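Below is one structure, written out as structure tokens; the observations come after it.
Note that the coordinates shown come from a computational prediction; the quantities given were computed from them, not determined experimentally.
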Amino acid sequence: MSAHPPSPSRVAVVVEAPQHSGLWGALDYLSTQPLQPGTLVRVPLGRRVVTGVVWQAGADSAAGEVAEQDLKAVIEVLDGLPPLPDAWRQLVKFASAYYQRSLGEMALMVLPPELRQLDALQWGRRLKRLDKVISPPEATPKRRRKASAEVPPEPACTQEPPASAAVPLPPVPLPVLTEQQAQALAQLAIAGGPPGDKPFLLWGSTGSGKTEVYLRQAQRALDEGRQVLMMVPEINLTPQLEARVAERFAGRHIVSLHSGLTPAQRLRNWLMAHYGHADLILGTRLSVFTPLPRLGLIVVDEEHDPSYKQQDGARYSARDLAVYRARLEKVPVILGSATPSLESWYNALPEAEGGAGRYVRLAMPARVGDGDMPRVRVLDLSRAPKLPRGQEPPPVARELLAAITQRIEQGEQSLVLLNRRGYAPVLHCSDCGWKSGCPHCSAWRVFHKVDRTLRCHHCGFTERVPRACPDCGNTDIHPVGRGTERLEEQLAEALPGARVGRIDADVTKHKGALEERLATVHAGEVDVLVGTQMVAKGHDFRRITLVAAVNPDAALFASDFRAAERQFALLLQAAGRAGRDADVAGHSEMWVQTWHPTHPLYQALSRYDYADFAAQQLKEREMAGLPPYASLAMLRAEAKTQEAAVAFLNEAIEAVAHLAEALGGITLYPPVPTPVQRVANVERAQLMVESPSRPALQRFLSQSQAVWLALAQKNRRSGLIRWAVDVDPLSI
Ligand code: ADP
Ligand code: ZN
Ligand code: ZN
């Protein structure tokens with residue numbers, strides 16, 4: 001007589017369902033074998049079979065009562081993959097609730113794309129091939145696990161002592177710490193209270209040796225057998241950090257995680273982290289979700305950088321999630337920056353100074369060695385000789401050109417910064433007034449001279465430059481304004497014999513192009529480097545002694561309340577590119593070409609007084625009721641017509657007004673078109689929700705979600721295409 005098959009029981013599984021399906025939490029399935037939470041399974045969803053994550057054993061109480069006979073069965077289990085840890089599920093759950101996305105979308109989005117696509121058979125094959133990289137050399141329990149399919153896989157490998165700890169490390173000469181570094185590290189060692197409860201804000205000038213502090217603290221964690229997660233804003237821009245980490249921790253397993261990897265590399269690196277085999281993970285924002293069984297430290301370098309915020313789909317802030325995760329997993333977190341975000345700054349400001357006192361501030365104002373920050377020279381454009389009417393001003397004023405010439409004569413390099421790529425932002429016909437607009441967007445198309453095209457930087461629409469004005473036939477159409485391509489050309493003309501180079505997104509599209517261009521700069525084959533913000537970040541230039549921002553004023557009057565903060569950070573970071581070597585540092589200069597020389601931003605920059613700048617900004621923010629004194633969310637809508645977008649938003653306000661009323665302290669602003677209102681023939685509008693209380697805003701949003709979902713379904717017929725909530729929006 002054969003035994004009865006075990007009776008199937010309910011499991012709650014999260015699957016990726018589109019936001020608009022209205023599926024928010026987990027779905028119930030049946031399984032004949034017990035499945036641990038965090039196990040990856042394949043389940044039927046509609047007519048497809050998809051990958052899901054077991055969220056809990058037993059029914060999901062929120063999923064409602066579906067009769068057992070109506071439930072579908074789990075099809076297969078990705079055996080051999082240790083369940084995703086509790087902390088991972090908790091982080092995903094928090095992110096999903098906080099950023100107002102469905103649990104399934106959040107959970108599946110943060111897994112390596114390849115893992116989501118493999119069925120159990122493919123996964124098994126992949127696992128076999130990866131056997132060596134994901135298992136510590138002496139570990140064998142995998143065999144046992146495979147043999148007993150009934151027993152849920154246990155995360156055996158992750159319990160092993162770190163294999164690499166036994167590998168002797170080659171001696172790397174360590175610099176003697178500066179006093180400030182030593183102090184910062186001493187404070188990091190005391191911590192006080194549970195680790196992670198008080199995040200550290202490492203506020204140090206460019207070149208103050210922040211990276212050295214990260215590396216020392218990482219060493220401590222590694223010595224304790226823990227894993228380190230080190231986050232950087234854009235990995236492609238920081239090959240030098242990767243090299244430094246690899247050199248310092250030779251013998252350790254270091255993996256990177258970012259969107260530039262192939263799907264196979266990404267899966268492999270993620271698995272190494274998840275199995276506990278990788279010691280140090282260097283990654284961009286997506287790495288904040290990496291399951292790390294022996295996590296011991298999180299570092300967020302350049303924590304103010306906007307790229308930590310995802311700008312589409314689930315718009316999470318990896319910096320903020322890192323802080324949450326550190327508290328959750330009780331590990332220290334270091335946020336580092338020369339120009340912290342005002343949110344972090346406010347959090348680290350003691351209560352006695354009007355701040356929140358939630359973070360510990362570690363200050364390292366001095367640069368290592370004798371390298372002072374370059375002297376700032378604010379060049380007043382209003383005092384330049386008047387030009388005849390209609391004549392375009394030169395790209396750089398006379399004094400600045402002379403200064404650059406002098407650097408060239410001394411065999412030194414200059415960096416000229418302009419945050420606008422292309423040749424000219426618009427072409428113009430002076431006869432009839434035609435301008436090179438994009439037919440699909442409310443934006444100008446940018447003139448790119450190199451291939452004689454007009455390109456829309458919003459939708460990508462590209463055409464060859466017309467020979468004559470399309471409206472009146474005038475052949476004399478000319479560029480207005482200046483982008484990096486033109487600046488490069490004009491500087492080459494103004495500096496005969498000089499070698500002028502350029503680095504921006506246009507010339508670094510191909511893999512390796514950025515490294516190649518950087519190498520020519522490092523090799524001294526370029527006298528004057530023209531670049532966008534891309535070059536201001538992270539690169540360690542040895543022979544650049546002059547940095548010039550030639551058109552920084554626009555940010556002073558932008559409607560976006562964060563524009564000034566971003567500009568200050570960019571200029572200070574750019575200044576940090578100059579004079580990195582002691583022998584040239586003494587005469588390094590940072591030039592700012594402006595019509596507003598007395599503007600407080602430039603005044604604070606001249607003194608490198610971030611604290612003063614931050615104080616100015618905080619005062620303004622407090623008066624205006626903006627972050628960090630208030631929390632914001634943006635409800636965005638895209639539709640076939642602007643009317644449809646605005647109509648949806650107006651209905652959205654009406655439908656939740658009573659919720660806002662009941663909660664109190666919630667302000668709903670009227671809908672407005674977004675700064676670029678039409679992109680690729682889609683009209684966009686948004687409305688801002690503001691509250692002095694973050695919890696109140698969170699409650700309001702989570703109560704409003706269902707209402708808005710229903711409303712959006714109804715509005716679909718009237719032309720609504722998409723809608724989304726952006727919590728803590730970076731730009732408004
Ligand atoms: P940051 O990250 O703050 O910009 P880095 O950590 O890159 O600064 O340090 C700047 C330079 O100073 C690097 O070349 C680094 O190797 C060097 N450096 C850092 N700390 C020390 C030290 N204590 N003694 C000597 N050189 C150091
Ligand atoms: Zn014309
Ligand atoms: Zn366009």
Side-chain angles (χ1 to χ4, degrees), residues 94-101 197-199 201 303-304 306 308-309 315-317 319-324 327 335 340-359 361 558-566 611 613-636 649-650 652-672 674 685-708 724-732:
F94 170 79
S96 127
Y98 188 86
Y99 294 106
Q100 308 291 321
R101 307 299 291 198
D197 247 23
K198 277 217 160 193
L201 178 66
E303 66 88 30
H304 64 280
Y308 283 119
K309 182 100 199 276
R315 296 161 181 255
Y316 66 89
S317 157
R319 191 237 356 255
D320 295 347
L321 287 179
V323 169
Y324 175 86
R327 177 162 300 149
L335 312 179
S341 64
L342 283 175
E343 282 82 355
S344 298
W345 179 254
Y346 175 75
N347 277 330
L349 213 55
E351 278 172 275
E353 294 171 39
R358 277 190 284 263
Y359 296 0
R361 189 174 73 196
S559 61
D560 190 331
F561 72 91
R562 278 186 232 267
E565 176 185 347
R566 271 201 287 269
F613 171 74
Q616 293 169 22
Q617 287 289 312
L618 284 180
K619 208 179 287 166
E620 285 179 24
R621 302 267 184 102
E622 188 168 23
M623 272 161 38
L626 287 167
Y629 299 96
S631 289
L632 301 181
M634 204 65 93
L635 178 61
R636 303 186 201 273
L649 294 178
N650 274 323
I653 294 180
E654 230 166 83
V656 297
H658 66 287
L659 295 176
E661 184 92 4
L663 281 167
I666 304 279
T667 309
L668 293 151
Y669 288 86
V672 289
T674 55
Q686 59 189 19
L687 76 84
M688 192 164 88
V689 189
E690 181 260 337
S691 174
S693 152
R694 184 180 299 269
L697 182 68
Q698 277 293 313
R699 265 197 299 279
F700 170 74
L701 292 175
S702 61
Q703 290 174 11
S704 300
Q705 267 292 353
V707 181
W708 290 338
V725 180
D726 185 357
V727 181
D728 302 333
L730 266 200
S731 51
I732 62 166

At their closest point, which heavy atom of [X] faces which heavy atom of [Y], and how far apart are they?
{"X": "G665", "Y": "S691", "result": "O-OG, 2.9 Å"}
{"X": "A633", "Y": "L701", "result": "CB-CD1, 3.8 Å"}
{"X": "A696", "Y": "L663", "result": "O-CD1, 4.0 Å"}
{"X": "A630", "Y": "G625", "result": "CB-O, 3.3 Å"}
{"X": "I732", "Y": "Q686", "result": "C-NE2, 3.6 Å"}
{"X": "R566", "Y": "L730", "result": "NH1-O, 3.8 Å"}

- Query: Tell me the salt bridge (Lys or Arg N to Asp or Glu O under 4.0 Å) pairs involving residues 656-666, sequence neighbours left out?
  - Reply: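 Found none.
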- Message: Checking I653 against L635 for the side-chain contact (heavy atoms from CB on, under 4.5 Å) test, could you report, in this order, the C-alpha distance in whole Å, the side-chain angles of both residues, the deciding distance, and whether it holds?
- Response: CA-CA 10 Å; I653 294 180; L635 178 61; over 6 Å; no
- Query: How would you list, by chain and number, every residue that makes a ring-ring contact (aromatic ring centres under 6.0 Å, His included) with F561, sequence neighbours excluded?
  - Reply: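 Scan of F561 (ring-ring contact (aromatic ring centres under 6.0 Å, His included), adjacent residues dropped) gives none.
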- Point-to-point distance, once rounded to the nearest 0.5 Å, from CG of L618 to CZ of F613: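 If I round to the nearest 0.5 Å, the distance is 9.5 Å.
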- CZ/R636 to CG/D726 distance, rounded to the nearest 0.5 angstrom?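 Reported to 0.5 Å precision, the distance equals 4.5 Å.
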Under the salt bridge (charged side-chain N to carboxylate O under 4.0 Å, His left out) test, which residues partner [X], sequence neighbours left out?
{"X": "R361", "answer": "none"}
{"X": "D320", "answer": "none"}
{"X": "R327", "answer": "D197"}
{"X": "R694", "answer": "D728"}

- Task: With sequence neighbours excluded, tell me which residues meet side chain to side chain donor-acceptor pair (under 3.5 Å) with E690.
- Result: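 So E690 forms a side chain to side chain donor-acceptor pair (under 3.5 Å) with T667.
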- With side chains defined as the heavy atoms from C-beta onward, is the minimum distance between H304 and P340 less than 4.5 Å? no
- Flag the pair R315 / Y99 as yes when at least one side-chain heavy-atom distance between them is below 4.5 Å, and no otherwise. no
[X]: what forms a side-chain contact (heavy atoms from CB on, under 4.5 Å) with it, not counting sequence neighbours?
{"X": "P695", "answer": "S693, R699"}
{"X": "A685", "answer": "Q642, A645, V646, L649"}
{"X": "A660", "answer": "I666, L668, F700"}

- Message: Between R101 and Q705, is the side-chain contact (heavy atoms from CB on, under 4.5 Å) condition met? List the steps.
- Response: CA-CA 9 Å; R101 307 299 291 198; Q705 267 292 353; over 6 Å; no
- Message: Taking CD in Q703 as the centre, count heavy atoms belonging to other residues, nucleotides or ligands within less than 6.0 Å. Is the count above 12?
- Response: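 Result for CD/Q703: enclosed.
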Please tabulate, for the side chains in residues 342-356, all donor-acceptor contacts under 3.5 angstrom to protein atoms that are two or more places apart in sequence or on a different chain.
residue: E343; atom: OE2; partner: R562; partner atom: NH1; Å: 2.7
residue: S344; atom: OG; partner: E303; partner atom: OE1; Å: 2.7
residue: S344; atom: OG; partner: S341; partner atom: OG; Å: 3.0
residue: N347; atom: OD1; partner: R358; partner atom: NE; Å: 3.0
residue: N347; atom: OD1; partner: R358; partner atom: NH2; Å: 2.8
residue: N347; atom: ND2; partner: E343; partner atom: O; Å: 3.4
residue: N347; atom: ND2; partner: Y359; partner atom: OH; Å: 3.4

- All pairs passing side chain to side chain donor-acceptor pair (under 3.5 Å) where residues 619-632 contributes a residue, at least two apart: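 Checked against side chain to side chain donor-acceptor pair (under 3.5 Å) - neighbours excluded - the pairs reaching residues 619-632 are E565-R621.
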